[in-house]
Protein chains: 2
Amino acid sequence: MLPITLKELAAELGLSPTTVSRALNGYPEVNEATRARVAQAAARHHYRPNTRAKALATGRAMAIGHVIPISTQHEIVNPVFADFIAGAGEVYSREGYDMLLSIVPDAEQARTYREIRAKGTVDGVIVHGPKEDDARITLLVELGLPFVVHGRSTEAKVPYSWVDVNNARAFQRATEFLLDLGHRRIALVNGLEFMDFAIRRRRGFEAAMAARGVACDPMLMVQGEMTEAQGAHAARAMLALPDPPTAFLCSSLLSAMGVRREVEAHGLKLGRDISIVTHDDELGYLRNGEAEPIFTATRSSVREAGRRCATMLLGIIAEPASAPRHEMLEAVLVVGRSTGPAPSSAR
Amino acid sequence: MLPITLKELAAELGLSPTTVSRALNGYPEVNEATRARVAQAAARHHYRPNTRAKALATGRAMAIGHVIPISTQHEIVNPVFADFIAGAGEVYSREGYDMLLSIVPDAEQARTYREIRAKGTVDGVIVHGPKEDDARITLLVELGLPFVVHGRSTEAKVPYSWVDVNNARAFQRATEFLLDLGHRRIALVNGLEFMDFAIRRRRGFEAAMAARGVACDPMLMVQGEMTEAQGAHAARAMLALPDPPTAFLCSSLLSAMGVRREVEAHGLKLGRDISIVTHDDELGYLRNGEAEPIFTATRSSVREAGRRCATMLLGIIAEPASAPRHEMLEAVLVVGRSTGPAPSSAR
DNA sequence: AATCGATCCCAAAGCGCTTTGGATGCTCAA
DNA sequence: TTGAGCATCCAAAGCGCTTTGGGATCGATT
């Protein structure tokens, strides 16, 4: 059962394809009575214009590309990606856009963007997981393909549009919060520090420590893929130190869960013996408690970020000549049961 | 900087578009010398045929659609989805296909498939998250859109192609394993039981219990969104029962982590006081330990399932008249540190 | 009665590609 | 010498849609 075409629909109605097209696209030069007739027939047949033909005729693909980097060593897809996509997808489907996904090893990113541009399958792209100095940004500017970066690239030399969480401030505040509770031995369990967000988080942490004249101990700072295992490993190693941390600052709920496991395995009690603050992306399947948060956390919805990115990109596509846009999301610090005053003297 | 078109390329080479097209597509009726010239020029200009035009001309979109249902109550995107997509994406990019994503509330599924079909944006679709009696299957058959279901739909009345894990057998074996260890009070922490996989898992569990003449206690069976919180909740409630379980069978690593947390919070030791077996989808960011598994688990890579589904679908598209295809993946039971003999008498 | 504007509709071109059905030489056997 | 056969190439149509540039029709205006 082949889908009905515009021409067939026109034939059935005794109209020209032109008129049917205009009727359906809301042009004024068509009688309201015939427009109604057309609309009715279209609905009856479940008619939808063929996207490929429409795209070819209009020059607009009505599709947005998401190029998801996949780290070649670990073959891991960033777990925030599903939620981000869900947020962006809401916006796209509301605006009649399709979403095109490419999951591409780091090494092939440039080639992929070139191809996407040449093949003309999308009107714009979202850049995921920017590094500190990300070559994709220059490339995309050069290619003239509209794009929005989810995150930033500190070292980028050209202006570009982005939506980002204020990672530095979030981690600075989290650190201050722990310092205020009397903690001095604070561990940082961070993401991979070639990722821009991870660098900013570390800087925020360091800035807060420096401002209070507390030294950062390299032994208490790790980076890595943000998994449960990472958190557990880090905690195990650090708790075995002669001068172990009294608090952990984690970049992800999964890491925090790993830390918690190890903490409890040591017979220590969370919020009394050891404090944990974590960043919380508010992933659908990984909630930080319900009404009351389990972990004290810097919270920022990655799904909302997806919505914002998509909205911004569609705006840019609608107004290509406009200046680069930026949107900074502030994480809120929510206090849960995982933090408490530093254990006074005893150790 | 607009991408170069076939016509322009032809003009530059002093050839007709026809010849250039044939040269690039490997048709025999073109001189090898000119083919080389064409190929070289194409490479120099990073030429790629415009997908929309090509699709329109050939009638093949060279794209596969994934329609991801989003449960309207919880707004949760199934966490396995990222890994599945990654697996499928590998296959697509290798075969020159694009991947189109629609994230759609349950209620709009039918409309979405209709639209996808009419708009002609894809050559086939993957159906995610089948229910016990899934209307999408009949609809897709009726629409004549090639598809593969990831999972099965027990009550479906028409033949269709699927790739599935043998969920029943996996959970049956897991249950037998626990029974062999002497457990009798076994709790099932399942996914939502309108999902086909969850039903099969329950049946496997029940079959194993029945075969040993052990009664299933409804108080020890819960279903729900498979999150850490779910596991913790379930465990808390069940451990408070007068006759608490000695073992938990979980449908997801996240649930299992929740159960573990609650178990440890009760001062019980995993593998000695309480056993846990879980299903493990081998998600990239949620590994069940490294060399040695943490949880005893029925393991089956969802990423591999993605690869299989994609491969099958491309096969069906290449050979549309062929009979429905099926592929059953067997989960392996890996033994970790979370299981041990049922605590003898003491309670 | 002739002109003019609206109003409503249509023919045809074009988007960038593939593909059908030749056209043009050139070689080689009869 | 001729025509069959082959190797190479090309013109043009067509995929399903939008859009440009009119063409009717008709009531209103002069």
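A, B, ... follow the sequence lines: proteins, then strands. Residue 1 opens every chain. Heavy-atom basis, side chains included; hydrogens, waters and symmetry copies ignored.
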Estimated bend of the helix from C:dA1-D:dT30 to C:dA30-D:dT1 (axis per five terminal pairs, rounded to 10 degrees): 80°

So, using ring-ring contact (aromatic ring centres under 6.0 Å, His included) as the criterion, who are the partners of A:His150 when residues are at least two apart? A:Phe84

Should B:Leu100 and B:His66 count as side-chain neighbours, where that means a heavy-atom distance under 4.5 Å? no

Write out all pairs satisfying salt bridge (charged side-chain N to carboxylate O under 4.0 Å, His left out) with one or both partners inside residues 9-20 of chain B, taking only residues at least two apart or from two chains. B:Glu12-B:Arg44

Test item: B:Leu145 and B:Leu140 side chains (from C-beta on) under 4.5 Å apart, heavy atoms: yes

Working for salt bridge (Lys or Arg N to Asp or Glu O under 4.0 Å), residues B:Asp164 and B:Arg152: CA-CA 7 Å; B:Asp164 199 4; B:Arg152 277 172 290 174; 2.9 Å; yes

Please list all pairs passing the side-chain hydrogen bond (donor to acceptor under 3.5 Å, both in side chains) test where one or both residues lie in residues 134-144 of chain A, with sequence neighbours left out. A:Gln109-A:Arg136, A:Asp134-A:Arg136

Pick base, sugar-phosphate or nothing for B:Thr18, based on heavy-atom distances below 4.0 Å to the nucleic acid. base

Between the side chains of B:Glu108 and B:Arg114, is the shortest nitrogen-to-carboxylate-oxygen separation below 4.0 Å, so that they form an ion pair? no

Under 3.5 Å, sequence neighbours excluded: what are the donor-acceptor pairs made by side chains of residues 26-34 of chain A?
residue	atom	partner	partner atom	Å
A:Asn31	OD1	A:Ala33	N	2.8
A:Glu32	OE1	A:Arg35	NE	3.3
A:Glu32	OE2	A:Arg35	NE	3.2
A:Thr34	OG1	A:Asn31	O	2.7

Do B:Pro3 and A:Arg117 come within less than 4.5 Å of each other through their side chains, counting heavy atoms only? yes

Applying ring-ring contact (aromatic ring centres under 6.0 Å, His included), can you list everything that pairs with B:His46, at least two apart in sequence or on another chain? none

Selection: residues 35-53 of chain B, any non-hydrogen atom under 4.0 Å of DNA chain D: none

Given B:Ile316 and B:Ser161, is the side chain to side chain contact (heavy atoms under 4.5 Å, CB included) satisfied, shown in steps? CA-CA 9 Å; B:Ile316 291 172; B:Ser161 298; 3.3 Å; yes

Distance-only donor-acceptor pairs under 3.5 Å for side chains of residues 305-313 of chain A, two or more places apart:
residue	atom	partner	partner atom	Å
A:Arg307	NE	A:Glu304	OE1	2.8
A:Arg307	NH1	A:Glu90	OE1	3.0
A:Arg307	NH1	A:Glu90	OE2	3.0
A:Arg307	NH2	A:Glu304	OE1	3.0
A:Arg308	NE	A:Glu304	OE2	2.5
A:Arg308	NH1	A:Glu327	OE2	2.1
A:Arg308	NH2	A:Glu304	OE2	3.2
A:Thr311	OG1	A:Arg307	O	2.7

Output, in order, the C-alpha distance, side-chain angles, deciding distance and verdict of side chain to side chain contact (heavy atoms under 4.5 Å, CB included) for A:Val80 and A:Leu283. CA-CA 7 Å; A:Val80 307; A:Leu283 305 185; 4.3 Å; yes

Determine the sole option in A:Val149, A:Asp196, A:Val148 for which the side-chain contact (heavy atoms from CB on, under 4.5 Å) test with A:Trp162 is passed. A:Val149

Can you pull out the residues from residues 19-34 of chain A that lie within a 4.0 Å heavy-atom distance of DNA chain D? A:Ser21, A:Arg22, A:Asn25, A:Tyr27

Identify the 5'-most and 3'-most nucleotides of DNA chain C with at least one atom closer than 4.0 Å to a non-hydrogen atom of chain A. C:dC8 to C:dG16

Find every protein N or O atom lying less than 3.5 Å from an N or O atom of nucleotides 23-25 of chain D, and list the pairs.
none

Applying salt bridge (Lys or Arg N to Asp or Glu O under 4.0 Å), name anything that partners B:Asp98, two or more places apart in sequence or on another chain. A:Lys119

